[in-house]
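Here's the structure we're looking at; comments come further down.
Computation of the quantities below employed the complete heavy-atom set of this structure, encompassing side-chain atoms and omitting hydrogens, waters and symmetry-equivalent molecules.
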Amino acid sequence: MSTWLDPLRAALDAAPIPVTVFVRDDDTGWADERLFAMLDLFDAHEAPIDLAVIPVELGPNLAAELARRHAASSGQHLGLHQHGFSHTNHEVEGRKCEFGPARSRDAQRTDIAEGHRLLEALLGGVLDPIFTPPWNRCTADTGTVLAELGIGVLSRDVTAEPLGVPGLAELPVQVDWFAHSKGQRLDRHELGALLAARASGPTPMGVMLHHAVMDDEELVGVAELLQVLTDHDQVHLRSMAAVAATITTGEMA
């Protein structure tokens with residue numbers, strides 16, 4: 001049934017050391033029912049998931065539910081961090097970006113600081129000091145502002161050039177569930193091959209999801225992936241905070 005994951009199983013079987021994996025789901029604040037379906041799936045597998053939360057889209061009811069779920073797992077299975085400010089594109093041309101070259105450093109700092117304040121007010125001490133920019137894009141100014149504000153981890157796509165900002169660790173995702181090649185979305189077997197390739201690499205494998213555009217069929221595929229990851233002895237499925245701690249301390253994940 002999940003033959004598309006056979007390449008991943010083979011890669012894990014051949015791995016000389018356990019492969020560290022984390023899962024990041026973007027756009028919390030949108031499509032709450034789809035989010036809860038995703039969280040229930042991860043709960044059923046006792047697997048950790050990190051949610052990138054849009055500050056201006058987080059209302060008190062959703063915040064209370066996330067805090068409840070966070071407490072129920074003692075923070076082990078649910079991580080919460082900042083996803084931009086309002087998920088607004090500010091670029092007049094080129095690719096979409098909320099924290100791109102059209103924004104000054106001061107404008108970026110204002111939005112990031114206010115977004116952090118909003119999330120802290122609703123989530124309190126459960127917010128991780130991690131920042132995921134919408135569309136996985138930002139500038140060097142963004143990184144500098146994050147370090148100044150004490151948000152010590154930036155997560156983007158693996159294709160983004162590292163910023164090299166002192167005091168800022170970078171924790172990229174390697175696999176986009178909706179990855180495309182030559183304008184076409186990867187089919188399941190192509191996605192399985194990509195997962196296998198990334199699992200064979202030297203760095204932790206981050207998988208990026210977007211619950212708001214994932215229907216029941218998509219969740220079946222995620223469930224199949226989780227079954228492989230939770231069953232295999234050569235997988236360490238971790239939260240982003242746990243993986244980031246090993247990066248900043250220089251230890252093995």
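The environment of Glu46 atom CD is sparse: at most 12 non-hydrogen atoms of other residues, nucleotides or ligands sit within 6.0 angstrom. Enclosure of atom CG in Asp13 by more than 12 non-hydrogen atoms of other residues, nucleotides or ligands within 6.0 angstrom is indicated. At most 12 non-hydrogen atoms from other residues, nucleotides or ligands lie less than 6.0 angstrom from CZ of Arg95.
Each of Thr132, Leu154, Ile247 was scored for a side-chain contact (heavy atoms from CB on, under 4.5 Å) with Leu171, with one residue passing: Ile247.
Looking at every heavy atom in both residues, Ala63 comes nearest to Leu58 through N-CD1, 3.7 Å. Nearest heavy atom pair, residue Trp30 against residue Ala212, reads CB-CB, 4.4 Å. In plain terms, the two heavy atoms of Arg198 and Val175 that are nearest each other are CG-CG2, 3.5 Å. Here the shortest heavy-atom pairing between Leu194 and Ala179 reads CD2-CB, 4.3 Å. Residues Phe85 and Glu98 approach most closely at N-OE1, 3.4 Å, considering heavy atoms.
Between Arg109 and Asp106 there is no salt bridge, since none of the side-chain N atoms of the basic residue sits less than 4.0 Å from a carboxylate O of the acidic one. Comment: Asp26 engages Arg24 in a salt bridge, judged by a side-chain N to carboxylate O separation of less than 4.0 angstrom. Taking the charged nitrogens against the carboxylate oxygens, Glu91 and Lys96 have no contact shorter than 4.0 Å, which rules out a salt bridge. Here Asp111 pairs with Arg103 in a salt bridge; the nearest charged N to carboxylate O distance falls below 4.0 Å. Salt bridge annotation for Asp40-Arg69: present, with a cationic side-chain nitrogen under 4.0 angstrom from a carboxylate oxygen.
Connection of Leu149 to Leu80 is not established within any shared hydrophobic cluster, with ILVMFWY side chains joined at heavy-atom distances below 4.5 Å, either directly or through further cluster members. Leu195 and Met214 end up in the same hydrophobic cluster when Ile, Leu, Val, Met, Phe, Trp and Tyr side chains are linked at under 4.5 Å. Cluster annotation: Val165 is not connected to Val153 through the hydrophobic network of ILVMFWY side chains, with a link wherever side-chain heavy atoms come within less than 4.5 Å. The hydrophobic clustering, which links ILVMFWY residues whose side-chain heavy atoms are closer than 4.5 Å, places Leu62 and Val56 apart. Grouping the Ile, Leu, Val, Met, Phe, Trp and Tyr side chains by contacts below 4.5 angstrom, directly or via other members, places Leu163 apart from Ile130.
Asp215 places a side-chain N or O within 3.5 Å of a backbone atom of Glu218 that can act as its donor or acceptor partner.
Within the 4.5 Å cutoff, no side-chain heavy atoms of Phe22 are placed close to those of Met205. For the pair Trp4/Glu190, no side-chain contact is recorded, criterion being any heavy-atom separation below 4.5 Å from C-beta on. Within the 4.5 Å cutoff, no side-chain heavy atoms of Leu78 are placed close to those of Val126. For the pair Ser155 and Met240, the minimum side-chain heavy-atom distance is below 4.5 Å. Within the 4.5 Å cutoff, the side chain of Val207 has no heavy atoms near those of the Val173 side chain. Between Trp135 and His87 there is a side-chain heavy-atom pair separated by less than 4.5 Å.
No donor-acceptor contact under 3.5 angstrom links the side chains of His211 and Asp27, judged on distance only. Between the side chains of Asp50 and His81, no donor-acceptor pair of N or O atoms lies under 3.5 Å.
With sequence neighbours excluded, no residue forms a side-chain hydrogen bond (donor to acceptor under 3.5 Å, both in side chains) with Glu57.
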Salt bridge (charged side-chain N to carboxylate O under 4.0 Å, His left out) between Glu161 and Arg137, worked out
CA-CA 10 Å; Glu161 187 73 20; Arg137 301 178 189 123; over 6 Å; no

Do Arg117 and Glu120 pass the salt bridge (charged side-chain N to carboxylate O under 4.0 Å, His left out) test, and can you show the C-alpha distance, the side-chain angles, and the key distance before you say yes or no?
CA-CA 5 Å; Arg117 186 195 68 79; Glu120 281 286 347; over 6 Å; no

Stepwise salt bridge (charged side-chain N to carboxylate O under 4.0 Å, His left out) check, Arg185 with Asp176:
CA-CA 10 Å; Arg185 183 182 173 186; Asp176 178 359; over 6 Å; no

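A distance below 6.0 Å separates the ring centres of Phe131 and Phe99.
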